[in-house]
Number of protein chains: 2
Amino acid sequence: MVEVGDDSGCGLDIAFAVIGGKWKPLILYHLRAGPKRFGELKRAIGSVSEKVLIQQLRELAAAGVLIRRDYQQVPPRVDYTITDFGITLAEALMPLCIWGVEHRARIEATAAV
Amino acid sequence: MVEVGDDSGCGLDIAFAVIGGKWKPLILYHLRAGPKRFGELKRAIGSVSEKVLIQQLRELAAAGVLIRRDYQQVPPRVDYTITDFGITLAEALMPLCIWGVEHRARIEATAAV
DNA sequence: TTCGACACTTACCTTTGTGTATGTACTGGT
DNA sequence: ACCAGTACATACACAAAGGTAAGTGTCGAA
């Protein structure tokens, strides 16, 4: 879990305490469209390991941005739903999303891809 | 340097390829107000080490979000200025900043502070 | 009856990121 | 003569983050 650091004046440290984690922004992104099961998320993201996916889902749930719902069935059935609180975060993330799309070419040209 | 990963559909991977680094968002935040010298940034941020600050400044410069200006003086005088491109990124970061400020109390209560 | 799907868990290992400590070349102040 | 400040560089060390591979228990399909 990422920790809340020194007061930076702006709230960036707080935001990154929640979305800091390789796959967390992507998880939020995918959950905006509606609840997803663990396996669905895994396939949607692709290159994430099960261990880390679970771990980050739990941390996001602990922060209150999503909810884990267990249907108590066997074989197991679980899904994850974004909360209203989580939606506010996902929305704050959208401009970055858009920025990335707009500048993808430029950044890919710069970075050691 | 953070690498550009798989195409995630949204542009989040691109954005995080640029601002991924513990102090990069904060550097951008401080440079919005105008050019700053290395020492000024260091004092402004506080708990960053010189090594990492330089490193992240160079990476941000390589990505084109800021410019390093060397006055060729001795003792050395250098400052860092955000570019127009960098400003677009800093602006895309603002909603997260605001989100953090608004939800600071809630997150600090949740996190292991 | 063996296999895959489901949603995990655990132990271990590697990579990445960040920090510490020290050194450099030069100057201005005391 | 000595120390602080300037903007770094470099070697080393450490911790966190992420990945790999294996195992869990139950079910239904082949």
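Note: hydrogens, waters and symmetry copies are ignored here, and every other heavy atom, side chains too, is used.
For the pair B:Val52/B:Trp23, a side-chain contact is recorded, criterion being any heavy-atom separation below 4.5 Å from C-beta on.
Residue A:Gln56 is classed as a sugar-phosphate contact, given heavy-atom separations below 4.0 Å to backbone atoms only. Heavy atoms of A:Tyr71 sit nowhere under 4.0 angstrom from any nucleic acid atom. Within 4.0 Å (heavy atoms only), A:Arg69 reaches no atom of the nucleic acid at all.
Note on B:Lys22: a side-chain N or O is less than 4.0 Å away from OP1 or OP2 of C:dG19. For C:dC6, the OP1/OP2 oxygens have a side-chain nitrogen or oxygen of A:Arg43 closer than 4.0 Å. The phosphate of C:dC8 (OP1 or OP2) has no side-chain N or O of A:Arg37 nearer than 4.0 angstrom. The phosphate of D:dA9 (OP1 or OP2) has a side-chain N or O of B:Arg58 nearer than 4.0 angstrom.
Atoms OH (B:Tyr80) and C1' (D:dT6) sit 12 Å apart, rounded to a whole Å. Counting to the nearest Å, the P atom of C:dG17 and the CZ atom of B:Phe16 are 14 Å from each other. As a whole-Å value, the separation of A:Leu53 CG from D:dA17 C1' is 15 Å. Taking atom CD on B:Glu40 and atom P on D:dT6, their separation rounds to 9 Å, with Å as the unit. A:Lys42 has its NZ atom 12 Å from the C1' atom of C:dA5, to the nearest Å. For the pair A:Gln55 CD and C:dC8 P, the interatomic distance rounds to 13 Å; values are reported in whole Å. Straight-line distance from the CD1 atom of A:Ile54 to the C1' atom of C:dA7: 6 Å, rounded to whole Å.
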**Under 4.0 Å protein heavy-atom contact, by nucleotide of nucleotides 20-30 of chain D - B base, S sugar-phosphate only** = B----BSS---
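The salt bridge (Lys or Arg N to Asp or Glu O under 4.0 Å) analysis of residues 70-80 of chain A, with sequence neighbours excluded, yields the pairs A:Arg68-A:Asp70, A:Arg69-A:Asp79. Each side-chain hydrogen bond (donor to acceptor under 3.5 Å, both in side chains) pair with one or both residues in residues 35-44 of chain B, not counting sequence neighbours, would appear here, but there are none.
Between A:Glu59 and A:Lys24 there is a salt bridge, since a side-chain N of the basic residue sits under 4.0 Å from a carboxylate O of the acidic one.
With sequence neighbours excluded, no residue forms a side-chain hydrogen bond (donor to acceptor under 3.5 Å, both in side chains) with B:Thr83. Residues that satisfy the side-chain hydrogen bond (donor to acceptor under 3.5 Å, both in side chains) test with A:Thr88, not counting sequence neighbours, are B:Trp99. In this view, B:Ile54 and B:Phe38, B:Arg58 satisfy the side chain to side chain contact (heavy atoms under 4.5 Å, CB included) rule, not counting sequence neighbours.
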